[in-house]
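Keep in mind that the numbers below use all heavy atoms, side chains included, and drop hydrogens, waters and symmetry copies. Quick note on labels: first sequence line is chain A, next is B, and so on, each numbered from 1.
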2 protein chains.
Amino acid sequence: MITIKDIARVAGVSHTTVSRALNGNPLIKKETRDRIEKIAAEMNYIPNYSAKSLVMKKSYTIGLFFSSIDQGTSASFLVDAIKGIHSVLDENYSLTVHGIDGIQHFDAILPQRFDGILVMSQSDADNAFIYHVKKMGIPLVVLNRHLEDPGIMNVVANDREGVKEAIDYAVSQGHSQCAIIEGKAGFKSSTERKQGFMDSLIVHRLPLIPEYFAAGDYGVESGYEAMCSLLALPEPPSIVFCANDDMAIGAMNACYAKGIHIPGQLSLIGFDDILFARYTNPALTTIHKPVADISKLGTTKLIDLMKDPDTAPEQLFVKTALMVRQSVAAV
Amino acid sequence: MITIKDIARVAGVSHTTVSRALNGNPLIKKETRDRIEKIAAEMNYIPNYSAKSLVMKKSYTIGLFFSSIDQGTSASFLVDAIKGIHSVLDENYSLTVHGIDGIQHFDAILPQRFDGILVMSQSDADNAFIYHVKKMGIPLVVLNRHLEDPGIMNVVANDREGVKEAIDYAVSQGHSQCAIIEGKAGFKSSTERKQGFMDSLIVHRLPLIPEYFAAGDYGVESGYEAMCSLLALPEPPSIVFCANDDMAIGAMNACYAKGIHIPGQLSLIGFDDILFARYTNPALTTIHKPVADISKLGTTKLIDLMKDPDTAPEQLFVKTALMVRQSVAAV
DNA sequence: ACAAACATTTTTCACGTGTGCATTTTTATT
DNA sequence: AATAAAAATGCACACGTGAAAAATGTTTGT
């Protein structure tokens, strides 16, 4: 392996000069710099990142942490996040992927190992981790879950507003018997979406019927079961909002099984806009959650934070969008 | 930050002794070792991985490379791979995720940066990268795509055999007019699956009808279009095998659109067994591709290779499994 | 012409760790 | 008790890089 010392020998200068020349330090004369750069290129010099890391106390690594990799994280979520991040991240940073639930010792989460950390957070349980990162002074952006803490950079979708708009739309289509299949208990997103649902009903002076609030856990199966219980009610709803698309697909299956026609007999709205929402039968009307955009914006902010740790933390909201398809009928 | 020198000072020994004690070097007396370990624990010592990397020429990093992150890689694929790897990877290794198409300079792919590399390969185009890695002497396992090269550790599913079994099953249900929607041109998996399809037809003395070979590209839309063209034939097939589930879902949508009932009028078989295959209407009969198992086995082999670079390369096959659901009717 | 200011480069040191070899301490053997 | 052998520990250096301080060469000002 070629080192700056090798280049120095060839160029007839000290290794420090080489270092400066290659790092754009203005103390070096232009001709010297050009000559050294040329030699470095010819010799196929590639910097040793371990040595750089040691001396610079930088790792050239960004950590992406999900609440869990195994459980509760949908595939599209993970992929869209990675895509969004890669689209703005400099090539000589590498991105490592972790599940917070898989970490044995927070001790291993150190500034020397991560130049910055993105937490794609889904639950309050992540807070212990988040505050550890903050305490260690590692530049940090929390994505996807709204934090109350104004000291932490935070990028989220306005789930609540998005759901409200969707239910407003449903009401405008003539629906008044609106039910919800809620997300996983303890997840911030669950309460946010439920709030948006209620916001709309309240604005439209529609009653909040306790039987129309069915529990779910974001899993496909839970959507199936929740829908079964809603259909079993003496007076079933005319429309059901599912707190994510996976549950909407489960709910749709329950309708197939019971012979309920969508949207003829029952309308359905999802949340997330996963790839397959477009391809259910009928195509699912859902709220598009811009995971890639969130990740992109979050990464941009993280980079700012890494450049200048004193960048003021912000609470940023990315807009959701209602995707009107075929699962909601006018009554 | 605490260093071994700090510990050495407290323990009244040299930093060398500390280093040895903490690394299980047998040259150290048991009592000394115990004392040093205790002090290290009390002082909350955490080794500096940059320094370790520099001197050991190790990076404690495993790279996971997909052909592309943006295009052609389905979400479940990426997630299952990450899950499988995490399940066997030691905690003090970190996993970085990359798209081969996003790499500007192969020069950055060095032994000093990666202790080992897993390539989740989908196309021949990855070969340039694969051989670069091999040339650099980085322990390497290629997953998912069968390589001819016996010098490279390779873990793949037996797609061909899996498809053959599925078509055998279709034939046993009385089907004789079998069509295929092929995968993306240039992808090894496309030809493998097509081969399996033909293997079965040939064994059963069924004709290979050119019109029944429709082109696809693994995308949902291509499945839709291919199915439309098959349905437009004067004599449409009785069963269609789709080279992946995404296309099967697209094909299913084409049938909805044309009012063709599945499996009443047409049967359908997919490949991959993605999460949603279970929840289409009807539930999709498909071939389960054990991505997580492939990743797991591949990682195990990579670890072997990292421990002993002379480990003999193998070509390992992981079994697929036919998941019989409701999209194939008996005729 | 000589000092002062400036530009450029080199010298020396540090970062935290592991290792070959020398040195000291302990144990075993005679 | 003397000696050899073995066990335990320390010294000095290396890894590749960057930065402060020092040194050298060059220009400017009077």
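Using modelled atom types, one finds a donor on one side chain and an acceptor on the other under 3.5 Å when comparing A:T96 with A:H98.
Aromatic pair A:Y93/A:H86: centroids not less than 6.0 angstrom apart. Between B:Y60 and B:F114, a ring centre-to-centre spacing not shorter than 6.0 Å is recorded.
Atom CD in B:E31 sits about 11 Å away from atom C1' in D:dA8, given to the nearest Å. The separation between B:L22 atom CG and D:dT9 atom P is 14 Å, rounded to whole Å. When rounded to the nearest whole Å, the span between CG of A:N23 and C1' of D:dA19 equals 12 Å. In this structure, CG of B:L54 is placed 6 Å from C1' of D:dG16, rounded to the nearest angstrom. Rounded to whole Å, the distance from NZ on A:K30 to C1' on C:dT9 is 18 Å. Between the C1' atom of D:dG18 and the OH atom of A:Y60 lies a distance of 10 Å, rounded to the nearest Å. Between the C1' atom of D:dT17 and the NZ atom of A:K57 lies a distance of 12 Å, rounded to the nearest Å. Atom CD1 of A:I4 and atom C1' of C:dT10 are 13 Å apart (whole Å).
Using a 4.0 Å cut-off on heavy atoms, the residues of residues 33-52 of chain B that approach DNA chain C are B:Y45, B:P47, B:N48, B:A51, B:K52, listed by number.
In terms of polar N and O atoms assigned as donor or acceptor, the side chain of B:H15 never comes within less than 3.5 Å of the base of C:dG16 in a complementary pairing. With hydrogens and angles ignored, a donor-acceptor pair closer than 3.5 Å exists between the side chain of A:T16 and the base of D:dA19.
Set against D:dT17, C:dT17, D:dT9, the side chain of A:V55 has D:dT17 as its closest nucleotide.
Checked by atom type and distance alone, the side chain of A:D126 never pairs as donor or acceptor with a backbone atom of A:S121 at under 3.5 Å.
Comment: B:R35 does not engage B:E31 in a salt bridge, judged by the lack of any side-chain N to carboxylate O separation of less than 4.0 angstrom. In this structure, A:K188 pairs ionically with A:E148, as a charged nitrogen and a carboxylate oxygen lie closer than 4.0 Å.
Listed pair B:T32 / D:dT9 meets the phosphate criterion, a side-chain N or O lying under 4.0 Å from OP1 or OP2.
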Verdict with supporting geometry, B:K307 and B:D304, salt bridge (charged side-chain N to carboxylate O under 4.0 Å, His left out): CA-CA 5 Å; B:K307 282 195 193 126; B:D304 291 348; 5.0 Å; no
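A:S14 comes within 4.0 angstrom of a base, heavy atoms only. If you check every strand for non-hydrogen atoms under 4.0 Å, A:M56 touches sugar and phosphate atoms only. Residue A:L27 is in base contact, counting any heavy-atom pair closer than 4.0 Å across all strands shown. A:T3 comes within contact range of the sugar-phosphate backbone alone, with a heavy-atom separation under 4.0 Å but no base atom that close.
Comparing A:M1 and A:R20 against DNA chain D, the residue whose closest nucleotide sits nearer the 5' end is A:M1.
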